Amino acid sequence: MPDRYDHYVIEPRWRRRWDADGIDRVRDDDERPPYYALTMFPYPSGELHTGHWYIIAPSDTAARFRRMQGYNVLFPIGFDAFGLPAENAAIERGVDPGEWTHGNIERMRQQLRLMGASFDWEREIVTCDPDYYRWTQWWFLKLYERGLAYRAGAAANWCPGCQTVLANEQVLDGLCERSDDPVERRFLTQWFFRITEYAEELLDFSGLDWPEPVTTMQRNWIGRSEGATLRFPVDVEGVDEPLSVFTTRPDTVYGATFMVLAPEHQLVERITTDEQREAVEGYVAATSRVTEIERLSTEREKTGVFTGAYAINPFNGARIPIWIADYVLVTYGTGAIMAVPAHDERDFAFARDHGLEVIPVFDHPEIDVDAPLEAAFTEGGAMINSGPFDGTPAGEAIPAVVAHAEAERAGTGAVTYRLRDWLISRQRYWGSPIPMIHCESCGVVPVPESELPVLLPENVHFEPTGQSPLTLIEEWVNVDCPSCGGAARRETDTLDTFMCSSWYQMRYVDPHNPERPFSAETARHWLPVDLYTGGAEHAVMHLLYTRFFWKAARDMEIVEGDEPMKRLFNQGDILGPDGNRMSKSRGNVVAPDDLVEQYGADAFRCQLMFIGPWDQGGPYNPSGMPGIVRWLNRLWSVATEPPPDPGDGAASREIVAATQRTVRDVTGDIEGFRFNTAIARLMELTTALARARESGGVDGATWDRSVETLILLTAPLAPHIAEELWERRDRPYSVHQQAWPEFDESLVVEETVQIVVQVNGKVRDRLSLPPDAGEDEARERALASERVQGWVEGKEPRRVIYVPSKLLNIVV
RNA sequence: GCCGAAGUGGCGGAAUUGGCAGACGCGACGGUCUCAAACACCGUUGGGCGUUAAGCCCGUGCCGGUUCGAGUCCGGCCUUCGGCACCA
């Protein structure tokens with residue numbers, strides 16, 4: 001019976017052994033330095049797919065690598081288990097969301113076990129378990145106490161057919177995905193978190209090792225704008241308060257020729273004249289059917305309607321018309337703008353389409369400002385048409401105008417953020433109940449902490465009543481007011497699932513604590529997270545929410561430090577073999593279980609890591625699997641077959657150097673998540689050893705050290721085969737508890753280096769030189785070469801560029 | 001549309017700071033071992049010119065620029081992907 005690599009036998013055997021030994025249990029009192037490696041927890045959709053493997057297997061490799069480097073690594077897993085799909089299953093198939101979710105979790109746990117990932121399963125958390133969401137509710141109360149939670153009106157997608165609120169993904173081209181009814185916007189009173197209070201601090205990423213594109217996206221998302229709010233009196237009887245607008249260009253105020261309100265602006269109804277009412281109401285209704293993305297498109301025609309009302313420019317007394325248009329959003333700034341068509345492209349387009357006046361208030365060296373403008377221009381020289389400000393240079397214009405506005409009480413300098421407060425209310429069943437009670441006499445009253453969790457009731461019916469399903473459960477909704485004891489009703493909205501994932505990394509450090517979300521000591525020991533890996537699709541929302549949560553917790557002295565995740569890495573998306581997102585409808589889904597069955601978890605892990613850089617993702621095609629399998633087989637042979645004939649040991653030196661280069665490169669590659677090149681280097685060393693075994697000349701000690709180094713370097717990537725080979729070489733269990741090999745530079749010193757010789761930038765020859773050769777020596781040797789002479793043709797070099805150990809370029 | 005990213009052989013990709021384009025692997029072709037085969041082994045493999053060879057020319061999405069030298073830097077496009085606040 002030939003002794004060959006058989007994943008089918010060795011993988012389950014080692015998983016059972018690791019499990020029995022508790023090799024992945026993490027202790028808080030371990031003396032090694034702590035290292036917290038976190039991978040974004042999955043939603044329990046029902047089946048582990050290739051995408052999960054692509055996210056988790058490399059994370060596991062990174063965690064195992066740190067463990068071998070001497071850290072006590074916390075690498076937990078759990079399930080982000082509340083959310084829409086469970087409720088859809090309930091509506092469509094009548095299954096209970098809780099049962100559906102728990103069934104999925106059980107299945108995915110089994111599948112995850114096959115991966116050979118070094119999770120400490122005793123720390124598993126499931127966000128829909130009352131033991132977890134009790135603390136999610138606790139966080140809500142803390143944020144409420146702190147004044148960071150409040151109620152306000154906000155729009156939701158409303159399907160009149162289903163009588164229900166829809167998620168954005170349930171709206172397709174403005175229609176409900178279930179009933180095809182046109183979706184409307186409906187205003188509801190909902191809960192918000194004041195994330196904007198932290199906007200300024202959230203712009204600061206100093207000290208964070210995060211990918212630059214993510215911080216850029218977050219900065220743009222927060223969208224800080226400096227400018228001013230200006231107050232324009234409204235020329236309508238009964239409207240005494242002025243119309244407040246935010247502008248980044250207060251210096252163009254003399255060029256404001258009309259005002260634009262968002263159609264949802266609260267003043268619209270009060271200022272609209274009788275003649276314009278029908279048009280305005282029609283436009284407001286039409287706007288409720290347009291998505292925000294469409295509204296912000298700069299290509300789209302700028303529609304709008306005149307309200308019939310006028311405002312007074314506080315600077316020059318000009319009486320200017322007030323319009324409504326959907327390119328102004330009620331959620332940004334004050335929901336109203338002063339339009340300066342001469343100096344703003346959107347305002348210009350609007351003015352052109354609706355025949356409104358254009359008054360330039362800056363001159364320009366290349367534009368005739370007395371002629372009708374062809375387009376808006378944003379950079380000008382000095383102010384014109386601006387009364388006392390005429391001649392003020394552009395650089396001084398904004399402070400001058402703001403100072404004047406403040407003196408005249410017509411406005412103030414202001415900073416606005418694009419970031420909006422976080423809407424956390426969901427009109428759904430499958431989420432954590434918001435722990436609040438509405439009492440007629442006391443108003444909104446928090447549920448006392450001692451009464452948490454507010455349990456989600458079971459046996460709920462999902463009927464299209466226009467209410468959240470929780471509203472219908474009288475025995476749950478009706479409750480005594482904690483404050484006065486009178487009859488009161490529970491809040492029937494549930495929490496956004498982003499809230500569950502905003503603090504889960506904190507719960508992992510102390511997951512079974514019944515008294516607190518976690519103890520202060522464990523938090524100090526483990527937090528913040530050292531390495532967070534997950535999809536770039538979370539670059540903005542989840543990662544901003546969790547930063548906000550952390551900062552709020554810090555201000556409440558629950559955690560220490562300013563940031564929750566020190567280092568962040570975003571892996572790319574794995575696609576189907578056709579380059580499209582894997583989906584059942586496309587028929588391009590690759591099922592991991594089948595591949596694991598056929599090739600083993602190690603091979604599948606390695607193939608996923610080998611296909612390309614982790615942050616790039618890309619198409620996954622199992623057709624590349626034979627290359628990985630061949631490598632593992634070759635590794636098996638090298639490690640299990642007898643050593644080569646030592647001969648005179650002449651090849652030892654090169655094997656030592658090759659091994660050391662591999663140590664250096666693989667260490668750097670795993671550190672930088674370049675698993676693809678790490679595996680390429682391991683393949684090269686494996687091949688080099690296999691060839692050396694054939695040709696001989698390697699002494700026994702060198703051979704053993706090289707083979708065992710190769711196994712150690714492979715261990716984080718292919719944990720099962722490494723363990724098996726380590727045991728077969730009679731090394732002490734476990735390979736995963738061994739120290740990572742140290743690179744020794746003195747063993748790789750080269751006697752000569754190859755220098756490329758170019759003539760006019762084209763490679764014409766190569767030279768072998770000592771590494772410390774100087775330019776003169778290199779030049780002399782190069783010019784002596786016949787091939788170089790042929791290209792130089794006796795001409796005198798005009799210039800010679802020498803890069804030591806690399807290249808010599810002769811320019812003639 | 002806005003914000004962010006990516007385009008290199010038949011395919012996945014490599015080239016970490018501007019310095020030999022195509023490492024490593026798949027596939028293909030040729031061969032070895034074998035009764036036969038394999039997840040075994042060896043070799044060739046960007047395109048063109050060249051009988052072989054030496055060698056030469058072209059070549060990193062497109063157009064232009066900077067440089068002794070550009071896959072890499074700059075400007076302008078094209079295409080694909082992620083996010084856009086109720087999918088998670």
Side-chain angles (χ1 to χ4, degrees), chain A residues 4-5 40-43 45 80 82-85 156-157 165-171 211-214 216-217 219-221 223 291-300 331 419-428 496-498 500-501 535-542 544 570 572-573 575 579-581 598-599 603 607 610-613 615-621 623-634 637 668-669 672 674 676-677 679-684 687 690 694 754-763 766 787 798-801 803 806-812:
Chain A
R4 298 181 54 188
Y5 170 47
M40 290 180 187
F41 61 169
Y43 176 81
S45 53
D80 190 12
F82 274 133
L84 202 54
N157 299 313
V165 171
L166 300 180
N168 286 343
E169 74 158 8
Q170 297 175 303
V171 181
E212 204 257 348
V214 174
T216 301
M217 277 192 271
R219 270 194 203 96
N220 292 340
W221 184 262
T291 69
E292 199 164 301
I293 290 174
E294 287 174 302
R295 287 174 65 168
L296 287 171
S297 167
T298 50
E299 300 257 296
R300 189 164 159 267
T331 49
L419 178 69
R420 311 205 284 252
D421 275 339
W422 175 10
L423 196 169
I424 49 163
S425 295
R426 296 292 181 268
Q427 294 71 42
R428 302 195 202 294
D496 179 9
T497 55
F498 273 126
C500 310
S501 55
E537 68 272 22
H538 293 296
V540 174
M541 303 183 64
H542 162 60
L544 209 50
N570 291 129
D573 291 328
L575 306 172
N580 290 305
R581 188 165 274 285
Q598 194 179 348
Y599 300 102
Q607 202 214 344
F610 185 62
I611 53 173
D615 56 352
Q616 208 173 294
Y620 172 72
N621 197 324
S623 67
M625 191 67 91
I628 294 293
V629 173
R630 280 197 268 261
W631 167 53
L632 294 175
N633 281 320
R634 213 157 56 240
S637 310
D669 284 347
R674 296 180 297 268
N676 55 331
T677 48
I679 291 173
R681 296 293 88 82
L682 291 170
M683 287 173 168
E684 282 169 341
T687 303
E694 288 303 308
Q754 280 259 312
I755 303 266
V756 169
V757 181
Q758 297 181 332
V759 178
N760 291 336
K762 297 212 175 222
V763 180
R766 293 173 177 83
R787 300 173 54 177
R798 238 178 358 149
R799 198 174 154 189
V800 175
I801 290 116
V803 182
K806 275 220 168 119
L807 153 150
L808 184 85
N809 187 12
I810 299 165
V811 186
V812 294

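As a basis for the values below, the full set of heavy atoms in this structure was taken, side chains included, without hydrogen atoms, waters or symmetry mates. Order of the sequence lines sets the chain letters (A, B, ...), proteins ahead of strands, with each chain counted from 1. Keep in mind the model is a prediction, meaning the values are calculated, not measured.
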Using a 4.0 Å heavy-atom cut-off, does [X] contact any base of the nucleic acid, only the sugar-phosphate backbone, or nothing at all?
X         : result
Ile611(A) : sugar-phosphate
Pro613(A) : sugar-phosphate
Val540(A) : nothing
Asp573(A) : sugar-phosphate

Given the [atom1] atoms of [N] and [M], what is the spacing between them in whole Å?
N       : M       : atom1 : value
rG75(B) : rC3(B)  : P     : 15 Å
rG4(B)  : rU60(B) : C1'   : 23 Å
rU72(B) : rG83(B) : P     : 29 Å
rG13(B) : rG71(B) : C1'   : 14 Å

Per the atom types in the model, does the base of [N] pair as donor or acceptor with the side chain of [X] at under 3.5 Å?
X         : N       : value
Asn809(A) : rC68(B) : yes
Gln427(A) : rC86(B) : yes
Arg799(A) : rC68(B) : no
Gln616(A) : rG13(B) : no

Fill in: Separation of rC3(B) C1' from Asn220(A) CG (nearest whole Å)
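Those two atoms, CG and C1', are 5 Å apart.
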Worksheet item: Donor-acceptor pair, Asn809(A) side chain versus Gly761(A) backbone, under 3.5 Å?
Response: yes
